[in-house]
Every structure is written in structure tokens, then in C-alpha cells.
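Everything on this sheet refers to the single structure shown next.
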Amino acid sequence: MSDNYEPSSAIGKWFDKRLPLLTLFAGHVLPYPTPKNLNYWWTFGGILTFCLVAQIVTGLVLAMHYIADADQAFSSVEHIMRDVNYGWMLRYIHANGASMMFMAVYIHMARSLFYGSYKEPRELIWIIGVFIFLLMIATSFMGYVLPWGQMSFWAATVITNLFSAVPLVGESLTNWLWGGYAVGSPLLTRFFTLHYLLPFLIFALVILHVWALHVPGNNNPEGIDVIKGSQDTVPFHPHYVVKDIFALVVFLVIFAGFVFFVPNLLGHTDNYIQANPLQTPEHIVPEWYFLPFYAILRAVPDKLGGVILMVSSIAILAFLPWLDTSKVRSAKYRPLYKQFFWLFIADVILLGYLGSQTADGLFLIIARIATAYYFVHFLVLMPLLGFVEKTKPLPKSISEPVLSKEEREGQSTQSV
Amino acid sequence: MSEDKSVTRRSFLYITTGTFAAAGSATLAWPFIDQMNPDASVKALASTEVDLTPILPGQSITILWRGKPVFIRRRTSEEIAEAKKVKLDDLPDPQDDEDRVQNPEWLIMVGVCTHLGCIPLGQKGDYNGWFCPCHGSHYDTSGRIRKGPAPKNLEIPQYVFLDDNTVKIG
């Protein structure tokens, strides 16, 4: 695609001959052929890249003022909020940025599920994506611990205690993680270190994610392969650069709305109380983006069982390319899967709601049913649908649905 | 193994070199792992002495030992009786009340829920013992798990009564 690229300036030529960075950039950004029918659900990759960079930049400057010590962490965050120039804004961007990034990643993943972007030949893109998601979970959890408020402290306690469910070595494993016999300063310091490191690992995986994407090229709403050398594709620049920027601006309006009008809406008031190892808050909940997984953890009456099921609920995603037996990618042409897709989304949202409620009585029963359905979706429905579903005929090219629609509309106007 | 793939001096050297490199790397990895374990200053805070004089029957205090809360409860005679009459078959983690106390009046245990580490609230729950608000585990007047996701009874730390009114935990 970039074989015939040559820098125009003399310096560019000199540099590119010695280190072909410009050729690499030109091949992956400028004329990169992209299906012409991508809708706005495809803009979240760009939005996520922006979010990651925004988190790294705001995180870097916050780290200049933050102190990773149990006695000083809470007051150093208050110091950022009250004394540091624009500290309040930087911290609110960083804290809400995590939420916005999860919002975007969930839409990004749902888009893959709907249009079958995880299927052959894009399995590795999806699996790398699952690893990015795992790293995001770890990073945001450790970041949430750093302000050392009540929710930070007890989130750290509950989550690190998950490791105590490991048979035989559970206790030594948690003591090793804590660097002590309970959550305290040593844990805070190592969480800070890792919270600083992991985003760069995410960045590296994002590069692999995009690299792997650029081998087969983008999937598209029709879920069919583009015909090479046809008019199915348009160059990435300017078409999708402009579309991505427009979507990003709309996204940033919402982002700014959170930061400037309701910066604490997604947080928890208890986190403005300094950590107290002698008192657990009445009702502890994780951040909203972990609620479905938290509901799964609590749905199981057994400690180890709950931990295993919660981990499996994420790990199972990596096996999706093989659990889904259907050859047809897009849900547009899969009438049954389309319905089960929305049922699955509803199930995850229901689990999220249940995760925010106390786990007893009716809520617990519903949580168990919803948890069971989550796994049934992946382990029973996805393999089965490929065999029983009668899919709609696929168009011959991605231009065909658009053209035939125009023809139909042309005929109807003629008949009027 | 086919005959022509005989073991040569070269393959011996490859395998020995590889083995030494692997063993060396593994050995060097240990300091990097072990640095995360509880350090000497943390271990040094391993014991705490508590004066029991101000605690009346039916009262409890919570002290911090190794960064964890420890409940010290002076139980009432009803609570002791209630704890003693429970049948072992009714317990998920069977343990006699006598095995959990040195002096039946003083119940001393680590106040950390054995589920995921929250601090249970005292004199609450279905068994008039402790109740963990995080995920709903109920403990009885002996701190034994009765209902909910926690797998074990509340842990009993090592302690000795130095005299009638002083206990040393750890």
C-alpha cells in the first residue's frame, strides 16, 4: 500500500532512507485503504487512543504532586485539589477520563460483538484487545486506590483478598502482595509504581492491536470482505480522519460535561473520607464499570467459586472466536443472533444494576439467573447458533446494499 | 531417537549452558520477588499488649495489631451459653467454643471477615454475633461462620494472658 511512497523533502528522503519512519507512518495512516461503509460505531478506536494519551498526560502531571504513602496520600490529593494550579481540573479529567475510557471500550467491544469483528481472520486483534481490557481493569483499580479514601482502602482490601481464595498458598500470596499483614503503605507504594507502568504496556499492546488490524484491514457493518482494488475502500486520510475527529469532538463535549458540571457523579462520596483500617463503610461498591463483574462475584455462595467465575467471565471473551461457530460476521444478516446480542447487552446492564445493590433476597436470586445467562450466552448460544440459525443472504459487495436501496427508492419515486 | 542423531560433545555443551543459564536466572529472580514480602520493620511490630481493666461484661474494644483490627470482647454469660450449646453439625467450619478461647469470658479474635477482608459489625446479624456488611456473612457469639459466603470462622490470633488484666497479642 505504501510501496511507492517517497518523502517530498530532501531531509525527508535522507532520513527515510536511513530509518523508514515516514514510510511506516504513510503506510498506516494516510492512504491506508478503509471500507467506505464504516459507521460511527467504528470511531471508538480513535476515541480510545485519545483517552489513553489523555490519561497518560494528566497522570504524568498528577504524579508530580502526589505522594504514595499511607500517611500523606489522602492529603496530597487534597493538596492537588486545593493548592496546585489547575490541580482540580487535571484530577477531574484523570478521574472522569477513566470512566469515559471504559464507556468507550464497552461500546468498542459491543461493536465487535455485533458486527463479528472478532472472527476469522481478526481473532488476534480481538485477543490482544481482551488483554488491553485486562490491563485497563488492573490499571484503573490501582489508580482508584491511590487517593487513599475509604472506598480506595476497602476496594484494595476486598480485591487483594480475592487472592486469599487460592488454595494452600492463599495467605502467603496476599501477605506478599500487601508487603505486610494487611493493606497499608507498602501496597500503596507498589500500586502507584504499577499504576504508572501499566498504561505504557497498554500503549504497546495498542500498537500491536493496530498492527494486527492493518494486516486484514477493517471489518465493516456488512461483515463481508472488501474486494481488493475495487471502489469498496477509501483512503483513511482524509475520510476517516475527519469522521474520527468529529466523533471525538462530540465525545469530548460529553467528557467536558462530566468534568465541569458533575465531576463527582460517577465517584463515591465515601472516598472523600480518609482511609480508616478500623471501619468498613456501610455499603461498599466498586466503580460503575466493574459492577457487572462484582455482581457475578457475589452471586456465588462460595468464596473460591465466586472468584473463579468472575475471572472466567472476562477470560471467556478470549475464546469467543472459537465459541462462535457461525461463518457470517455481521448481526445484520443473523436474525437470531441479533436478538440474543441485545439480550446479552440487557443481561450485562442488569448485572451492573444488581452489582450496585445489596446482595440478598430477590436481588441475589436475579443475580444468579443473570450470571447463569451470561455464561449460557457464550457457552451454549454462541456455539449452537452457528448450526441452527438460518442467516440472510450476504451482499456481493459492500456497495450492493446501498445501490439496491437507491434502486428501490428510485422505483418507488417513479411509481408515485 | 534415531541412530544418526548421536549425542555429541556440542549438544552436551548446549544443554549444560542452557541449564546453567536457566538456573542462574531463576536464582536471580528470587530477590526481585522476595522484596515484596513483609519487611523487617513490619515484622517487628508483631505483638501488642492490651490492658483489659476498663472492659465490662458485654463490652468490646477493637485494637490494631499488625495493621489488622483485633476484637476483644468480654462476653456475657448468655453469650457464652449460646456459643456452647451450638451443635458442631450446624457449623460450616466446625470448632468448639472451648477451642476458640483461653478464658470463656474473653473472646479475642482477628476482626477481619474471612471472605474478602471487610470488618464485621459487632452484635449484629442473625446469630447475635458479628455481621459483615460487605457480602452478608453472619458470625455467632463465638465468631464462628454460620451463614453467608465466608468460608472460615474469624481467626484467633496467638495471645497469652500476662496477668488477670493484661493480654499480649502476637
Side-chain angles (χ1 to χ4, degrees), chain A residues 70 150 153-165 167 170-187 189-190 193-194 275-286 294-295 297-307 310 358-361 363-364, chain B residues 30 32-48 60-72 92-93 110-122 124-126 130-138 145 147-152 155 157-158 169-170:
Chain A
Q150 272 289 68
F153 183 90
W154 291 100
T157 303
V158 168
I159 300 301
T160 50
N161 262 297
L162 293 177
F163 292 93
S164 70
E171 200 188 330
S172 9
L173 190 62
T174 40
N175 287 345
W176 176 71
L177 278 175
W178 291 333
Y181 304 103
V183 171
S185 236
L187 183 81
T189 314
R190 59 191 63 165
T193 313
L194 294 173
N276 178 0
L278 288 177
Q279 194 195 2
T280 307
E282 276 290 295
H283 184 53
I284 64 166
V285 279
Y294 191 57
L297 169 75
R298 295 191 306 180
V300 189
D302 178 73
K303 182 173 166 179
L304 182 61
V307 175
M310 184 179 70
T358 43
D360 50 17
F363 283 135
L364 188 59
Chain B
W30 179 244
F32 289 84
I33 296 166
D34 192 41
Q35 53 83 21
M36 276 174 70
N37 272 319
D39 62 33
S41 72
V42 170
K43 284 180 180 160
L45 300 170
S47 71
T48 310
S60 23
I61 60 163
T62 306
I63 57 137
L64 210 56
W65 170 67
R66 286 176 158 189
K68 290 180 190 181
V70 169
F71 296 152
I72 301 178
D93 180 16
V110 176
V112 172
C113 182
T114 56
H115 181 225
L116 294 174
C118 294
I119 298 176
L121 304 167
K124 286 226 170 79
D126 295 357
W130 283 264
F131 170 71
C132 181
C134 290
H135 307 95
S137 294
H138 299 256
I145 180 66
K147 199 173 112 184
K152 289 216 167 79
E155 187 195 337
Q158 279 192 354
I169 297 166

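Letters go in sequence order (proteins before strands), and every chain restarts at 1.
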With a 4.5 angstrom heavy-atom cut-off, could you sort out which part of [X] is near chain B: side chain, backbone, both or neither?
X	result
A:Ile284	side chain
A:Tyr294	side chain
A:Leu364	neither

Review point. Under a 4.5 Å heavy-atom cutoff, which of B:Pro151, B:Gly117, B:Ala150, B:Pro133 has the most pairs with chain A?
Key: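 Option with the top pair count is B:Gly117.
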Point to revise | Value rounded to 0.5 Å, distance of CD in B:Gln158 from CH2 in B:Trp65 | key: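 Taking CD in B:Gln158 and CH2 in B:Trp65, the distance rounds to 7.5 Å.
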Exercise for review: Indicate yes or no for a side-chain donor-acceptor contact from A:Trp178 to the backbone of A:Thr157 under 3.5 Å, with no hydrogens or angles considered.
Suggested key: no
Practice item. Find out if the SG atoms belonging to B:Cys118 and B:Cys113 lie under 2.5 Å from one another. Key: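 A disulfide is absent here, as the SG pair of B:Cys118 and B:Cys113 is separated by 2.5 Å or more.
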Review point. What part of B:Ile33 lies closer than 4.5 angstrom to a heavy atom of chain A: side chain, backbone, both or neither?
Key: both
**Study point:** Side chain, backbone, both or neither of B:His115 within contact of chain A (heavy atoms, under 4.5 Å)
**Key:** both
Check your understanding: Which class fits the ring pair B:Phe131 and B:His138: parallel under 30°, tilted 30 to 60°, perpendicular over 60°?
Key ->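 Plane angle between 30° and 60°, so tilted.
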Practice item. Using only heavy-atom distances, determine whether the side chains of A:Lys303 and B:Thr114 contain a donor-acceptor pair under 3.5 Å. Key: no
